[in-house]
Number of protein chains: 6
Amino acid sequence: TEIEPNFLKNAPGSVLIRVGDTRVVCAASIEDRVPPHLVGKGEGWVTGEYSMLPAAANRRMQREVTRGRPSGRTMEIQRLIGRALRAVVDRKALGERTLWLDCDVIEADGGTRTASITGGFVAMCLALHRLRTDGLIRKPVLVGRIAAVSVGVVAGRALLDLDYPEDSSAEIDMNVVGTDEGGYVEIQGTAETEPFPRAVLDQLLARADHGLALLHARQAEVLGPILAPLLVPKEPGI
Amino acid sequence: TEIEPNFLKNAPGSVLIRVGDTRVVCAASIEDRVPPHLVGKGEGWVTGEYSMLPAAANRRMQREVTRGRPSGRTMEIQRLIGRALRAVVDRKALGERTLWLDCDVIEADGGTRTASITGGFVAMCLALHRLRTDGLIRKPVLVGRIAAVSVGVVAGRALLDLDYPEDSSAEIDMNVVGTDEGGYVEIQGTAETEPFPRAVLDQLLARADHGLALLHARQAEVLGPILAPLLVPKEPGI
Amino acid sequence: TEIEPNFLKNAPGSVLIRVGDTRVVCAASIEDRVPPHLVGKGEGWVTGEYSMLPAAANRRMQREVTRGRPSGRTMEIQRLIGRALRAVVDRKALGERTLWLDCDVIEADGGTRTASITGGFVAMCLALHRLRTDGLIRKPVLVGRIAAVSVGVVAGRALLDLDYPEDSSAEIDMNVVGTDEGGYVEIQGTAETEPFPRAVLDQLLARADHGLALLHARQAEVLGPILAPLLVPKEPGI
Amino acid sequence: TEIEPNFLKNAPGSVLIRVGDTRVVCAASIEDRVPPHLVGKGEGWVTGEYSMLPAAANRRMQREVTRGRPSGRTMEIQRLIGRALRAVVDRKALGERTLWLDCDVIEADGGTRTASITGGFVAMCLALHRLRTDGLIRKPVLVGRIAAVSVGVVAGRALLDLDYPEDSSAEIDMNVVGTDEGGYVEIQGTAETEPFPRAVLDQLLARADHGLALLHARQAEVLGPILAPLLVPKEPGI
Amino acid sequence: TEIEPNFLKNAPGSVLIRVGDTRVVCAASIEDRVPPHLVGKGEGWVTGEYSMLPAAANRRMQREVTRGRPSGRTMEIQRLIGRALRAVVDRKALGERTLWLDCDVIEADGGTRTASITGGFVAMCLALHRLRTDGLIRKPVLVGRIAAVSVGVVAGRALLDLDYPEDSSAEIDMNVVGTDEGGYVEIQGTAETEPFPRAVLDQLLARADHGLALLHARQAEVLGPILAPLLVPKEPGI
Amino acid sequence: TEIEPNFLKNAPGSVLIRVGDTRVVCAASIEDRVPPHLVGKGEGWVTGEYSMLPAAANRRMQREVTRGRPSGRTMEIQRLIGRALRAVVDRKALGERTLWLDCDVIEADGGTRTASITGGFVAMCLALHRLRTDGLIRKPVLVGRIAAVSVGVVAGRALLDLDYPEDSSAEIDMNVVGTDEGGYVEIQGTAETEPFPRAVLDQLLARADHGLALLHARQAEVLGPILAPLLVPKEPGI
């Protein structure tokens, strides 16, 4: 996994994340208004959008705009990205702003949604750092750190970060979003071929925990000293 | 949980399922053709659609047709219903047919997606029974039986079948689709307030397993002698 | 014709109306705002929406949201429902509110639009009664009472409340919305096979008048003492 | 009422109809295929489309394409036009063809839907004549002749062909589609202010019958010798 | 080229322009508000919309509203019309108003977009004259006059105002929008068969300049004394 | 201008083109079918699609799929790209295939449409080379080579390749698509502030010719020996 920060000149926060042959541009933008149902409530919003270039995968896909609406898969992924990021943001501390996280897949070889979340967290931190250095936010905005991995069972073995051929033949496919402290934010496991027993679930979670620890280390390395001031300090004894 | 079979006169399979104050009409229809990518492959398709009446919940919701597209929530639920049902259908045995499962929520008080799957399995069995008695399918079509429950943590306690007030205040919300033999088909758990540790996940799964066993019993009771001939016999030793 | 009031727990007014095998859920909801062109004019709005469950009729119909827009038939019916109800509402007395009437057909066997209006009038009365007991409206809101029937000519005979097989083979199809005092609010007659002479129109209207009288009696029975205080008193001599 | 035939060079049948200040271009086109549900059945289809130029009425209206769908009013009118024309066409004799009737309102001053039907009948005849002279149809296609009028009650008096100011203040608004032999094809009457009694309906129908007779005469005059060969001869004694 | 002013009763400015067999209704309407991004900036907006009647060309075209969106061709033309007109309007002098120019093609035989601009300029002048006589604008609004021509190379010869058969076989197709003083506002040239050299471009521009001069004369003739007071006076020496 | 070939692993032809800070991924894909109107005619189709990532420019733009349709600007650019590429393709030699050219702007700093065409030509050549080495096409497919430049007048001086600040303040904006032999395929010039005289047009074309020559050299360098066999040989004397 490689994360190239500040990949775009204009967006306040952006990265290019590469996991195997998967490449995703994650860009965090700040808008000075919130959706209608939040106006005047003194809190912000965080939302994710996701798209793949038509030629990103192994055969050209039609653009979603041509059909006039995002596919169910896209909407499901967008909702996952948004929920995952909101889980670690103190929306009061963000203030009445919307943080848009755009995840655009340049090349797809499995695990695009988890790469989007892992890279997206870094892009979000970069944008929040910009808000902080511009004096627009004063208090820490993040209550935690997240990353995401895909794990699966292929030919009876639990694997981390499946590439496309593995993913296509996986018996079980699971995405896990977790914090650096071992808590889970989202678990989505699907039996692709046949129902899986509890023991397999346990193996997959162990594999995921291992992968998440590596990603949290990588994110911290890329962010360096930017990260700490964004995080709400833990109260002692909790 | 009450399941009233043959709720509609025209649909080959239908039920009204009631879980607390939640009521869902599940209707299974058979169409003699398949989506374009399956034409000529000798296998069928199973797909789910989901909608709520505008007045089903505690304040009127706009119809999705007015906005011109289903919401992200609806698409996510539809995809879940479809995946869950396809997990137990032998699509070769179904033949080149599409089985549509329409889940329309008349009244909503939590757990509409899991009620849709639990009721939907019964509606599907009724429709497959009709195909069988009409001589249109000869081999068993089902490789297993499914039901679904929602579980959550409210005020620190793991609960089964949350109603709307509980659901709104849940710290963790989890939907589990499982078979009568204890296998999982889908697990989706989301931290609503803060990340949850492994121990909480274990409690929730135990609670879900208990709920699923009750639902499998109820489904079997409603279906009676119809169910067995639809199921592919288990090979000895598996 | 059976009308079950308060079919839904949440909507301020609702009924399940059953005419033959046709079943429609009619739900009246109140929204505290009006369409843009009425803002600040001190009057309210009444509007109807109509939909059929995909499995309501004798073969599954595609959901309209899938096509992205309501069909012409649906829009025509929605407009008819809205006009019919507005014809008996004093919109000044309603105040700056929108009354939404949602008519969702659970099962269809002819006459769904007229059942929607007949049941919808009762649902509207229940919602207006709620507004009244909540002290939100003080003056009577209704200037009259409406019900609706379908009549038709099948094999040369004028019939009331055609079921689906009759409706499909009708030579003439007519919907009549009328008041308890014998006035017409809407007449829509269509020659399905060949033009009809005046004498046939006369027979159909007589048949419709008879059906309307029965429906008005049924509505009054269901509403009981709720109805009178909602009605603007008739001035003597008119 | 003036009807200018062959208003367009390319369409096989077209007219410009003028009723008061209302002007509508009616164009009949022939397409050598039918909607999917009619393929291979040996019969044709007749369908109408309707639109108004944005500047046709007294204030500019938004184009419907901008909103992405026709309005309910437009769909209602299109369905009326199509039903009216199909009522007099022998679709077997037409053969597997679609006759499109496009009614585009250049200027609107009341009665645009009835002008569309009256002018549309003439445009359709011109197109059918073209098919006949080209040898593409051999048998008469029309089982009757239609025209349409709007009538209404304004300030207590029944009037024919209301212009826009009259239409806006009408107490009752009625559209009648009828044949030259006095049969009705469609009757649509709506109480705009209060329910109307049977006696008023009778007056309106009398007024409509008179108007229809005048329009049938005008249509015959414009069509001249073209009309007779298109009409299926009446059997003696009917 | 014929231009019939005041073709519509209601629009503040309108013409019917005829170029060969091409006929376009151009209508200019005034709306007392501007798009969101201009609110409060003290300037107006000018925008064009374009459509063809389905039967305008040599075979019926589907209405764009049926597809739910304007075609790429339509959007390209609308943008061209809007840009061309805005090029000669002082939007400060117009005030916070939107001038809509609707160009609806009744019959098409080549050159509909250039006819729309040439006729549209006259319609716009008529509407601005109305604003002026109503006292709503006081200063001249036009900084110049525009007209537009299509030129092309057919069988090796540069031609003006190609009709449809010529246009279809043109080797090069060029649209030029120009002022009465010889300046260009827009030049769009496309090689339809093979790339064209500079010398051909020069011939086409000469031909276009000649055509534009004729159109400017025709426009001035139709507008008569209305035109001069709308034009910002040229400063001496420029 | 830098052109990185084979930027994507899966697409048969792809480049990343960089012009100043503008970066565009151009991907050419081959589909083994043609649009309906070309089926069975023995010729292929070439079409372009264009999109910008939301964060590509200096403030986040809404995704077009959210609005349900491409903007007018996008459609105009897509049409230009498609026309430009088709101008140099022998569609008979391509066979019944569609060549899709997807141009996705990663970062935008002026000139994205011309960069798309220049890079797109290289991506198309790479895809055609793949077809050729796979033995799917045997004859040369290209009748010429194209590149595109933007030129403009800023503060009275004709400039090549305007960046975003220059582009925003340009008095005239012109895009020129031309061949390596000096022919023009498309010229689009727009006066942004005031009409421009012939002399300015001449300067802009000279500047464009110069830029095109540089780009043709760069393309040839990147393509190397791949290019020649794709080109239809010039007949002597032409």
Novice: Looking at K9(C), R59(C), E49(C), R60(C), which has the largest count of heavy-atom pairs under 4.5 Å with chain B?
Specialist: R60(C)
Novice: What distance separates S14(B) OG from M124(B) CE, expressed to the nearest 0.5 Å?
Specialist: 14.5 Å
Novice: Do R79(C) and Y50(C) get their side chains close enough for a donor-acceptor pair, meaning under 3.5 Å?
Specialist: no
Novice: Indicate yes or no: at least one non-hydrogen side-chain atom of L94(C) is less than 4.5 angstrom from one of L131(C).
Specialist: yes
Novice: Side chains of R145(C) and V88(C): does their closest heavy-atom pair fall under 4.5 Å?
Specialist: no
Novice: To the nearest 0.5 Å, what is the distance between OG1 (T114(C)) and CD1 (I17(C))?
Specialist: 8.5 Å
Novice: Identify the residues of residues 1-8 of chain C whose heavy atoms come closer than 4.5 Å to a heavy atom of chain B, ordered by number, or report 'none'.
Specialist: F7(C), L8(C)
Novice: With the side chain counted from C-beta on, respond yes when I106(C) and I106(B) share a heavy-atom pair under 4.5 Å apart, and no when they do not.
Specialist: yes
Novice: Is the shortest side-chain heavy-atom distance between D109(C) and N58(C) below 4.5 Å?
Specialist: no
Novice: Tell me whether T112(B) contacts the main-chain N or O of A108(B) through its side chain, where contact means a donor paired with an acceptor under 3.5 Å.
Specialist: no
Novice: Residues of residues 21-45 of chain C under 4.5 Å from chain B (heavy atom pairs)?
Specialist: D21(C), R23(C), V25(C), A27(C), S29(C)
Novice: For V15(B) and A123(B), work out which heavy atoms get closest and say how close.
Specialist: CG1-N, 4.0 Å
Novice: Heavy-atom count check: over 12 atoms from other residues, nucleotides or ligands less than 6.0 Å from K139(B) NZ?
Specialist: no
Novice: Side-chain contact test, heavy atoms from C-beta onward, threshold under 4.5 Å: evaluate it for E76(C) versus R113(C) and give yes or no.
Specialist: yes
Novice: Quick one: which residues of residues 63-72 of chain C reach chain B at under 4.5 angstrom, heavy atoms only?
Specialist: R63(C), E64(C), V65(C), T66(C), G68(C), R69(C), P70(C)
Novice: Can you tell which of L230(C), L231(C), V141(C) makes a side chain to side chain contact (heavy atoms under 4.5 Å, CB included) with C125(C)?
Specialist: L230(C)
Novice: Between chain C and each of A57(B), A11(B), P12(B), count heavy-atom pairs under 4.5 Å; write down the option with the most.
Specialist: A57(B)
Novice: Is the backbone of L136(C) close enough, under 3.5 Å, to the side chain of D134(C) for a donor and an acceptor to pair up by distance?
Specialist: no
Novice: Kindly compute the distance separating CG (L80(B)) from CD (E186(B)), expressed to the nearest 0.5 Å.
Specialist: 5.0 Å
Novice: Is there a donor-acceptor pair under 3.5 Å between the side chain of T47(C) and the backbone N or O of W100(C)?
Specialist: no
Novice: Residue by residue, scan residues 162-175 of chain C and write down, ordered by number, those that have a heavy-atom distance under 4.5 Å to chain B; if none do, write 'none'.
Specialist: none
Novice: Which atom names give the shortest non-hydrogen contact between R97(C) and I137(C), and what distance separates them?
Specialist: NH1-CG2, 3.7 Å
Novice: Can L85(C) and L101(C) be said to form a side-chain contact (heavy atoms from CB on, under 4.5 Å), step by step?
Specialist: CA-CA 9 Å; L85(C) 293 173; L101(C) 189 77; 3.3 Å; yes
